[in-house]
Amino acid sequence: MSTLPSFLAGAWRGGAGEGVPVADAVTGETVTRVSSEGLDLAAAVAYARRTGLAALGELTFPERAAALKAAALALQERRQELYELSARAGATRADAAVDVDGGIGTALVYASLARKGLPDHTVIVEDDPVPLGKGGTFAGRHVLTTPRGISLQINAFNFPVWGMLEKLAPALLAGLPTIVKPATPTAYIAEHAVRIIESALPPGAIQLVCGPVPGLFDVLGGQDHIGFTGSADTAARLRSDPAVTRRSARFNAEADSLNCAVLGPDAVPGQPEFDLYADALVTEMTVKAGQKCTAIRRAFVPAHLIDAVAEAVAARLARVVVGAPGAEGVTMGALAGLAQREDVRAAVARLAAAGSIVYGDPDKVEVAGADAERGAFLSPLLLRVDDVARSEPHEVEAFGPVSTLMPYGTVAELAGLIARGEGSLAGSVVSYDPGFVRQVVLGAAAHHGRILVLDRDSAGESTGHGTPMPQLVHGGPGRAGGGEEEGGLRAVYAHLQRTALQGSPATLDSIVK
Ligand code: NAP
């Protein structure tokens, strides 16, 4: 079997050697082998700086938006192919829609935001002249220009399409050529997506390297942008590379987090918010088999409601059908691979030591349409930790269909518990009591990149706890990586260099016109 090709310097090239086998998450068969051995990554960076930067530099913002839109439409046309590949990674049709359609939608939103919100130019003038002298002859203003570098994106395995497009869109609009480094377990899905879009983009605007990237950071520096999504451990390793610490390459990290969802004391059984909470928890546990960085890991409920919530969630989980994507009745697919399942089991063992499992068995699950052991299947697992002073539920991320219920007493106690996650991507407050919602949101905002308030009024249109929206910021402080992606045009600005210009107002005008 030849290795999965990379797309470098305008051509598809396979890495040498045997490569690392990637197994089908459902059957265990080898899907592909991944190797970057012998690929000239320094040449790829040079090609991006020369060819990609020049080609994108010739386009104005609206023209780049048009190229992005063409790429998104090419994917839309052939999305069935991506759904089929996603099934091999354990994703049901609904899971694949989150990744594939979510990615396409994100790219289209960016194309539209850029068309409406960016000038027909290659430079953005941020402000009007700010007077800096009494006589009006000296002023300042800020411009945003394209760095002379590249955007390297390093992605996690769980969103091979969305993860790529949400980073590609702002980089492309900013005029930066991209090198995509997908995670090995799902690199074959990213590879197929790049095949579909590369001809819609200017030469050098996108390259792909499947497999490890030794030496790549050595040729990156202050004009380059590195966008990382993955575990906190890898983020810590990469951000300590001299490319970042000495040469000041921009480094943005989206890491794991122990996201919370809070049920308000008003939301007793019989109130719509009680059901909304139980539904949201089950959705977050089962979509993509819980392999979402934004999934709810810590479910805080009033102490007097914890039994009722456990019962309601368990009843819903009992209706989940685990099995092969596409098999009759299946509502939850497999994890991405057997190694991921082992990681989740180990994390669940640590969590369970602090409390108990109230639903599911980490070692046993009934599976429809596949073999439970050959495929990376796992039961949804609801845990309960009453001793909230324990560290495990606030520290251990089980990256699968796993969530932990915890009781709280006062709002002040709740605020302290939320903070123990040390920074999260997303949090939810489910309550119809505006006073409670206000207190919790203002207390929790400093620890979150995004907070959803869910109640009977917004539920019909709500996009849900776990879904990052391209218009809104995605990222979080502390453990969540300290980065910020999306947020509409903010992400484009984050790829550009801001320069303060000073001079006479007329001179400044002549520069930026
Ligand atoms: P990971 O093991 O940290 O890997 C992430 C990426 O880093 C992969 O592409 C990996 O490549 C690459 N990588 C590892 N070592 C590297 C090195 N020395 N140089 C360059 N690249 C390197 O994480 P994962 O297992 O793929 O993803 C799961 C984790 O990501 C979870 O903890 C989850 O919470 C987090 N996550 C966060 C977000 C977010 O938006 N915040 C989104 C999704 C997932 P290989 O695969 O080839 O090793």
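Whatever order the structure lists them in is the order used to number ligands and atoms, beginning at 1. All values derive from a computational prediction rather than experimental measurement.
Under 4.0 Å is where a charged nitrogen must lie from a carboxylate oxygen, and between E284 and K292 at least one such pair does. Salt bridge annotation for D24-R88: present, with a cationic side-chain nitrogen under 4.0 angstrom from a carboxylate oxygen.
For ligand 1, the protein residues within 4.0 angstrom (heavy atoms only) are I154, N155, A156, F157, N158, K181, P182, A183, T184, P185, V213, F228, T229, G230, S231, T234, R237, L238, E254, A255, D256, C293, E397, F399, L425, H474.
Aromatic rings from F399 and F157 are positioned such that their centres are separated by under 6.0 Å. Taking the six-membered ring for Trp and the full ring otherwise, the centers of W162 and H474 sit less than 6.0 Å from each other.
Of the residues T106, N252, T229, the one that meets the side chain to side chain donor-acceptor pair (under 3.5 Å) test with K167 is T229.
Here the CG-NE2 distance, from L220 to H225, works out to 12.0 Å after rounding to the nearest 0.5 Å.
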